[in-house]
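Please read the structure below before turning to the comments.
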Protein chains: 2
Amino acid sequence: MSNESPQIISLKGFLTFQILHELTKAKLCGDELADIIGSKKGSKLTPGTIYPALKFLRKKKLVKHKKIGRKKIYTITEKGTKECEIVRKNFLKIFKTVLKTSKK
Amino acid sequence: MSNESPQIISLKGFLTFQILHELTKAKLCGDELADIIGSKKGSKLTPGTIYPALKFLRKKKLVKHKKIGRKKIYTITEKGTKECEIVRKNFLKIFKTVLKTSKK
DNA sequence: TCCAATATATAGTGTATACAATATATATAT
DNA sequence: ATATATATATTGTATACACTATATATTGGA
């Protein structure tokens, strides 16, 4: 009866890095980030996931926002851009071989 | 003044995936895995990190081992191989764009 | 004006890392 | 044979994510 555990190993992690990465490409509000990042993993991120992460990034001054209507449009700061580059470098160092292993 | 806070965003995560990935390339004992995975992030994984992770993978029958002297040589199982391929596919879906952004 | 939809936010919980400290077993060198 | 180094393992603590559930604020339309 559907003992279909979809996947044993979870891919939970690196959310703040993903947010910063998306903000290097576009200005987005929380809800849009929840859509974009969620679509890559199969389901939209819930408010309880995205907003605490944005709060953390704001506190660390890696992102800032401007209120437009009821939305808060987020932008990456200069500090955030630097941070994102450093983290990306470390990320690649760790996962380089995982990525190269291209399945035919 | 070295305000060199090394990195604000952590890259904690995906350890079991990393272990499985390494075991698709070679048979290794726990200590060797701690070395290899640790070297990619800058410091060797401690016993308190690597052994619980191996215990989890054993319980899930994604890896098996053979005792050789004081070492336990780990091998990925068929189930583990399948799992690793699924997880890799999802991993790439999530982080594809991160990786493409190659810094010159 | 007031209601529904949108967007944001917090509280509480659980899991997976990750560390230090400690313990135990085995192998190797002397 | 015994001391030292190696390898495995557990305990306790801490943190980052991510979820569900609930709450708040704001906007735009009826």
Side-chain angles (χ1 to χ4, degrees), chain A residues 5-21 27-60 62-74 83 87 90-91 94-95, chain B residues 6-22 27-60 62-74 83 87 90-91 94-95:
Chain A
S5 72
Q7 194 175 304
I8 296 161
I9 291 177
S10 83
L11 285 179
K12 221 153 101 154
F14 306 169
L15 175 60
T16 48
F17 174 42
Q18 278 186 271
I19 293 171
L20 273 196
H21 173 68
K27 298 179 183 196
L28 299 162
C29 73
D31 199 55
E32 289 166 332
L33 282 162
D35 268 331
I36 292 171
I37 295 172
S39 73
K40 296 184 181 179
K41 71 162 186 72
S43 62
K44 178 169 181 169
L45 295 181
T46 58
T49 299
I50 194 69
Y51 293 108
L54 284 169
K55 190 181 180 183
F56 170 83
L57 290 170
R58 273 197 324 259
K59 199 179 69 183
K60 296 295 182 181
L62 301 175
V63 304
K64 61 187 194 305
H65 68 270
K66 193 164 52 168
K67 268 204 110 182
I68 306 284
R70 72 190 131 196
K71 294 185 183 183
K72 287 184 179 175
I73 305 297
Y74 282 88
E83 175 74 10
V87 175
N90 293 331
F91 180 89
I94 294 171
F95 293 108
Chain B
Q7 195 174 307
I8 296 161
I9 291 177
S10 83
L11 286 178
K12 192 155 119 168
F14 306 171
L15 176 60
T16 49
F17 174 42
Q18 278 187 272
I19 293 172
L20 273 195
H21 173 68
E22 291 302 327
K27 299 178 182 193
L28 299 162
C29 73
D31 198 55
E32 290 167 331
L33 283 162
D35 268 332
I36 292 169
I37 296 172
S39 73
K40 295 182 181 181
K41 71 162 185 70
S43 62
K44 180 170 179 169
L45 295 180
T46 59
T49 300
I50 194 70
Y51 293 109
L54 284 169
K55 190 180 180 182
F56 170 83
L57 290 170
R58 273 195 326 258
K59 200 179 71 185
K60 296 297 183 181
L62 301 176
V63 305
K64 62 187 193 306
H65 69 270
K66 192 164 56 166
K67 262 203 115 185
I68 305 284
R70 73 192 132 192
K71 294 183 180 182
K72 287 185 178 172
I73 306 296
Y74 282 89
E83 174 73 10
V87 176
N90 292 333
F91 179 89
I94 295 171
F95 293 107

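Below, read A as the first sequence line, B as the second, and so on, with proteins coming before strands; counting in each chain starts at 1. No hydrogens, no waters, no symmetry mates; every other heavy atom, side chains included, goes into these values. If you're wondering where the values come from, they're calculated on a predicted model, not measured in any experiment.
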Which sits closer to the 5' end of DNA chain D, B:Pro47 or A:Pro47, going by the nucleotide each is nearest to?
B:Pro47
Could you pick out which residue, A:Ser43 or B:Cys29, lies toward the 5' side of DNA chain D when each is mapped onto its nearest nucleotide?
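Closer to the 5' end of DNA chain D: B:Cys29.
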Can you check the [X] [atom1] to [N] [atom2] distance for me, whole Å?
X: A:Lys60; N: D:dT15; atom1: NZ; atom2: P; value: 12 Å
X: A:His65; N: C:dA9; atom1: NE2; atom2: P; value: 7 Å
X: A:Ile19; N: C:dT8; atom1: CD1; atom2: P; value: 12 Å
X: B:Ile68; N: D:dT8; atom1: CD1; atom2: C1'; value: 15 Å
X: B:Leu11; N: C:dA18; atom1: CG; atom2: P; value: 9 Å
X: B:Lys12; N: C:dA16; atom1: NZ; atom2: C1'; value: 8 Å
X: B:Tyr51; N: C:dT24; atom1: OH; atom2: C1'; value: 12 Å
X: A:Glu32; N: C:dT8; atom1: CD; atom2: C1'; value: 13 Å

Look at all strands and tell whether [X] reaches a base, only sugar-phosphate, or nothing, counting heavy atoms closer than 4.0 Å.
X: A:Ile9; answer: nothing
X: A:Lys71; answer: sugar-phosphate
X: A:Phe56; answer: nothing
X: B:Gly48; answer: base
X: B:Phe17; answer: nothing
X: B:Gly69; answer: sugar-phosphate

Quick one: the dot-bracket string of DNA chain C, using Watson-Crick and G-U wobble pairs with both distances under 3.5 Å, [ ] for crossing pairs and | for bases paired to another strand.
||||||||||||||||||||||||||||||
Those residues of residues 33-42 of chain B lying under 4.0 Å from DNA chain D by at least one heavy atom:
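The answer is none.
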Does any N or O in the side chain of [X] come within less than 3.5 Å of the main-chain N or O of [Y], such that one atom is a donor and the other an acceptor?
X: A:Glu83; Y: B:Ile9; answer: yes
X: A:Lys41; Y: A:Ser43; answer: yes
X: B:Glu22; Y: B:Ile19; answer: no

Closest heavy-atom contact between [X] and [Y]?
X: B:Leu54; Y: B:Gly30; answer: CD1-CA, 3.7 Å
X: A:Gly13; Y: A:Gln18; answer: O-OE1, 4.0 Å
X: B:Leu20; Y: B:Leu62; answer: CD2-O, 3.9 Å

Under the side-chain contact (heavy atoms from CB on, under 4.5 Å) test, which residues partner B:Ser39, sequence neighbours left out?
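With sequence neighbours excluded, B:Ser39 shows a side-chain contact (heavy atoms from CB on, under 4.5 Å) to no residue whatsoever.
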Under-4.0 Å side-chain N/O to phosphate OP1/OP2 contact, [X] with [N]:
X: B:Thr46; N: C:dA18; result: no
X: B:Thr49; N: C:dT17; result: no
X: B:Thr16; N: C:dT17; result: yes
X: A:Lys67; N: C:dT8; result: no
X: A:Arg58; N: C:dT8; result: no
X: A:Lys55; N: C:dT10; result: yes

side-chain contact (heavy atoms from CB on, under 4.5 Å) partner of A:Tyr51, chosen from A:Leu45, A:Thr46, A:Asp31
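Going through the options one by one, the only one that passes is A:Asp31.
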Taking C-beta and beyond as the side chain, do A:Tyr74 and A:Arg58 meet within less than 4.5 Å on heavy atoms?
yes
Using a 4.5 Å cut-off on heavy atoms from C-beta on, say whether the side chain of A:Val63 contacts that of A:His65.
no
For the rings on A:Phe17 and A:Phe91, is their centre-to-centre separation under 6.0 Å?
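Centroid distance A:Phe17-A:Phe91: below 6.0 Å, so yes.
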More 5' along DNA chain C: A:Lys72 or A:Ser10, using each one's nearest nucleotide?
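The residue whose closest nucleotide sits nearer the 5' end is A:Lys72.
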